[in-house]
Amino acid sequence: MLGNSIPLRIKTTEAKGGEEYTVTCGLNTFIEFERKFKKTISALFLNAETSGVSIEEIVWLGWHASKRAGRVVPVTIDEWTDSWIEGIDFAEVDETTPL
C-alpha cells in the first residue's frame, strides 16, 4: 500500500552550497502531481515495473516538495534542474520516517 508521504533526498550543486537535504512529498504534492501529469500517484508507483517512473516525474515531486518545505527554489523546474540540483533519489525509509 502506498503511504501518505514519500521522502526524497536532494543534492544541490556546489554553486548552490553542495548540501544534501530530504523533503517529504505529502498529500498536497500528490494532488498537484495528479493534476499536472493526469495520472494517479498510486498508479505511478504501483505500476512502476511495467510503465516506469520518469525522471521528470521524480524531479517534479522533489521540486514541488522543496517549494512546500520553504526551500528557496527557482520558479521553473528547468532552472532548478539546470543549475540548482546535482541529483535526486528516494530516501531510505526507516522507523522514524512517517508513511
Side-chain angles (χ1 to χ4, degrees):
M1 182 175 143
L2 183 65
N4 61 5
S5 65
I6 297 171
L8 294 173
R9 186 175 41 252
I10 298 164
K11 171 94 167 105
T12 63
T13 62
E14 289 300 320
K16 297 300 177 187
E19 73 170 316
E20 189 173 292
Y21 65 91
T22 301
V23 292
T24 301
C25 303
L27 295 176
N28 182 277
T29 297
F30 295 160
I31 291 166
E32 290 298 320
F33 174 91
E34 291 177 349
R35 289 175 180 164
K36 175 174 177 47
F37 290 98
K38 306 292 187 237
K39 65 166 90 169
T40 65
I41 196 76
S42 58
L44 175 71
F45 291 100
L46 295 177
N47 299 325
E49 290 182 12
T50 56
S51 65
V53 179
S54 77
I55 297 297
E56 179 183 15
E57 292 166 337
I58 295 168
V59 169
W60 189 92
L61 288 168
W63 174 72
H64 190 273
S66 292
K67 290 188 340 180
R68 299 269 310 152
R71 293 287 205 177
V72 176
V73 297
V75 173
T76 70
I77 193 170
D78 291 335
E79 288 176 279
W80 196 57
T81 56
D82 285 344
S83 60
W84 286 62
I85 65 166
E86 185 175 294
I88 186 169
D89 62 8
F90 294 101
E92 291 293 322
V93 176
D94 60 26
E95 297 80 38
T96 62
T97 305
L99 291 179

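Throughout, residue positions are numbered sequentially from 1 according to the sequence presented.
A salt bridge links Glu19 to Arg71: at least one charged side-chain nitrogen sits closer than 4.0 Å to a carboxylate oxygen.
Looking at Thr29, its side chain never comes within 3.5 Å of a backbone N or O of Leu61 through a donor-acceptor pair. Side chain of Lys11 to backbone of Ile88: no donor-acceptor contact under 3.5 angstrom is found.
When all heavy atoms of Phe30 and Ile41 are compared, the pair lying nearest together is CD2-CG1, 3.7 Å. A pairwise comparison of heavy atoms in Ala69 and Val23 identifies CB-CG1, 4.3 Å as the closest pair. Taking each heavy atom of Ala65 and Thr24 in turn, the nearest pair found is CB-O, 3.9 Å. The heavy-atom pair separating Glu79 from Pro74 by the smallest distance is CB-CB, 3.5 Å.
Residues Ile10 and Val75 fall into different hydrophobic clusters, defined by Ile, Leu, Val, Met, Phe, Trp and Tyr side chains chained together at heavy-atom separations under 4.5 Å. Both Trp60 and Tyr21 are part of a single hydrophobic cluster, where members link through side-chain heavy atoms under 4.5 Å apart. Connection of Ile55 to Ile77 is established within a shared hydrophobic cluster, with ILVMFWY side chains joined at heavy-atom distances below 4.5 Å, either directly or through further cluster members.
Here Glu86 contributes atom CD and Glu14 contributes atom CD; the two are 6.5 Å apart, rounded to the nearest 0.5 Å. Rounding to the nearest 0.5 angstrom, the gap separating the CH2 atom in Trp80 from the OG1 atom in Thr12 is 10.0 Å. Here Arg9 contributes atom CZ and Asp89 contributes atom CG; the two are 4.0 Å apart, rounded to the nearest 0.5 Å. Ile58 contributes atom CD1, which lies 9.5 Å from atom CD1 of Ile6 (distance to the nearest 0.5 angstrom). The distance from atom CZ of Phe90 to atom CG of Leu8, rounded to the nearest 0.5 Å, is 6.0 Å. How far CH2 of Trp63 is from CD1 of Ile85: 11.5 Å, rounded to the nearest 0.5 Å.
Residues Asn28 and His64 form a side-chain contact, since some pair of their non-hydrogen atoms from C-beta on lies under 4.5 Å apart.
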